[in-house]
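Below is one structure, written out as structure tokens; the observations come after it.
Order of the sequence lines sets the chain letters (A, B, ...), proteins ahead of strands, with each chain counted from 1. Just the heavy atoms: all of them, side chains too, but no hydrogens, waters or symmetry mates, feed the values below. Not measured: the values here are computed from a predicted model.
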Amino acid sequence: MAASIASFARETWIVFWRQLRIALRNPAWVIIGLIQPVLYLSLFGPLLEPMAGILGTDNAYAIFVPGLLVQLGLFGALFAGFGLVAEWRAGVIEAERVTPASRTALLLGRVLRDVVQLLVQGVVLIALGFAFGLRASFGGMLYGLALTLLLGAAAACASNALALVTKSEDVMAPLINSIALPLLLLSGILIPMSVGPQWLETISDFVPTKHVVDAIRAAFAGNFGEPILWGTVWAVVIFVVFVIVGTRTFRKENA
Amino acid sequence: MIHARGLARSFTTRKGRERTEVKAVAGVDLDVEAGEIVGFLGPNGAGKTTTLRMLTTLLKPTAGTATVAGFDVATQSEQVRRSIGYVSQSGSTLPEALAGEEVVDHGRLYGISKAQATARGQELFQQLDLDGLWTRNPRAMSGGQRRRLDIAMGLVHDPKLIFLDEPTTGLDPQARANLWQHIGALRTDRGATIFLTTHYLDEADALCDRVLVIDHGVIVASDSPEALKQQVSGDLVELVLTDAAALPRAAAALGALAPGSEPEVDGLVVSLRVPQAGRELAGLLRSLDRDGIALEAIEMRRPTLDDVFLNLTGRSLREEAA
Ligand SMILES: Nc1ncnc2c1ncn2[C@@H]1O[C@H](COP(=O)(O)OP(=O)(O)OP(=O)(O)O)[C@@H](O)[C@H]1O
Ligand SMILES: [Mg+2]
């Protein structure tokens, strides 16, 4: 058992490093990745600041930054699968599938790269938010960041699974857009759903990511109560489900 | 080393609403013993790649069983993977990666250390004429160089059983000859068993102890290249005449060498397969001379695997490959 965990960790690490090396050599990946949080905050922030009153808070950024974190995580990671289609086309996936490496390691090594990217982006976003006037509990921000990473990892797993099933960017792009947009709107990413009409809020209660966003907001507010529990449970559940789904697609015979 | 019984795979392809079933491999029995180099020969679409992908655990058979290196491909796939190396027909490296790093990472996924993978990888680069390309993008390599890189990938962990899917496609004659030599050395120096597919008859002939001929998903012959060629009874003797009037007499003289078979006449050419034609040739020339039959040319061809294929399937491999 211990030996198989060690070899699993080793294989994940090999796949992760390969991915990271290739990504880091691509300047566009690095620059766009870093500019994204800056753009989000500097373009959205001023727009949202006047709304602090409506939301009944004196620190608008404690509400926006958690939303932007999730948007960054979901949007970035959902498109992670595009790279996998290219790898599949080049025969890399088949070459890796013929090795004895764990199928989960082949998936998680890739997801880990996206998580690291998200971590850096998240830290930039929070630091920048701080400069803009964000004030939040430090532990809460760490916890919120951790939840974001978990959600991003789940989204990256889902995206990789979708990539291996469709094997086509042209099929993936519209599919992801039509999933991501309602997900973002109904999760209350920019404005908490509690602001909207009752019927919309009721619908959004069925959207798991909404609970994660609420949990991150609660964590930022230093409010470690029930919302955090539910958000955490959801984040873990979504993550586990998509790791399993993703591993299956890597195992599938014609991937 | 490899034992398959009734191995089969069909695909359903959808075209709109219509579903058609393609029997890519329709029940293959094959046995490869340790230390053999076996060639899998067949035209496009015969089922070579599909068979190889089943034997390497990349594809589940729809029927039949196979054991590879002593393990069942269906239930012990991880042990099978641990025991083999595979070079696929299409590529295996990312265009943006660095060639050497791809090879090292691939080796490490088999559990060997980075140092070991690097050492063996660099040795393979040298042997496969890839020196100096360690830090090159596969994108910036020629087709033949990329093909040799794929081969280095499949060999980096020193597998004892190696599957090569059309390893020499896209290689120039010199690189092909070099690769043949390398494959031969893998057996003699490292005790490897090799199972490779090819379209090239000369390749099977030069390299393989045994050839399996596959057509439409079925193995139609399995023997040494020599024995297969002997099945095509005899060498082809062709007489090119100068005068059509002499055709019947020439045909009779040629026919006398192989009682029971009829010479073929095509224009001014009379041809027949004659067992051990080399011995008969002098006598044939003398009798033609006696009859006053003038020859434009006389040709004798040893049977090739192409003739074998033609004999077995009624089609020529060359037509297919063209
Ligand atoms: N994934 C698939 N879906 C549908 N049909 C397939 C699939 N893979 C292979 N086939 C069909 O199965 C048959 C055998 O294909 P295979 O790739 O095994 O041929 P091959 O002998 O390797 O040919 P080649 O010399 O061209 O490489 C072909 O008719 C092919 O179209
Ligand atoms: Mg093939």
Measuring heavy-atom distances to chain B, does Arg89(A) have an atom under 4.5 Å in its side chain, in its backbone, in both, or in neither?
-> neither

Taking heavy atoms only and a threshold strictly under 4.5 Å, list by residue number the residues of residues 239-246 of chain A that touch chain B; give 'none' if the list is empty.
-> none

So, the side chain of Asn26(A) versus the backbone of Ala28(A): is there a donor-acceptor pair under 3.5 Å, distance only?
-> yes

Any donor-acceptor N/O pair, Glu36(B) side chain to Glu33(B) backbone, under 3.5 Å = yes

Do we see a donor-acceptor contact under 3.5 Å between the side chains of Thr232(A) and Tyr143(A)?
-> yes

Tell me, for Ser90(B) versus chain A, whether the close heavy atoms (under 4.5 Å) come from the side chain, the backbone, both or neither.
-> neither

Mark yes or no for whether Glu11(A), through its side chain, and Ser102(A), through its backbone, hold a donor-acceptor pair below 3.5 Å.
-> yes

Is the backbone of Ala101(A) close enough, under 3.5 Å, to the side chain of Arg81(B) for a donor and an acceptor to pair up by distance?
-> no

Per-residue tally against chain A (heavy atom, under 4.5 Å) across Asp150(B), Thr57(B), Val104(B), Leu98(B) peaks at Leu98(B)

Test His182(B) against every option in Asp129(B), Leu124(B), Ile151(B) by the side-chain contact (heavy atoms from CB on, under 4.5 Å) rule and name the one that passes.
-> Leu124(B)

Is there a donor-acceptor pair under 3.5 Å between the side chain of Thr12(A) and the backbone N or O of Gly109(A)?
-> no

Trp134(B) atom CH2: more than 12 heavy-atom contacts under 6.0 Å | yes

Contact origin within Glu102(B) toward chain A - heavy atom pairs under 4.5 Å = side chain

With respect to chain B, which residue among Ile22(A), Val15(A), Ile14(A) yields the maximal number of heavy-atom pairs within a distance under 4.5 Å?
-> Ile14(A)

Give the member of Glu78(B), Arg82(B), Glu101(B) that has the highest number of heavy-atom pairs under 4.5 Å with chain A.
-> Glu101(B)

Top contributor to chain A contacts, counting heavy-atom pairs under 4.5 Å, from Gly111(B), Pro95(B), Ala97(B), Ser88(B) = Gly111(B)

Examine distances only and state if a side-chain atom of Asn137(B) and a backbone atom of Ala140(B) form a donor-acceptor pair shorter than 3.5 Å.
-> no

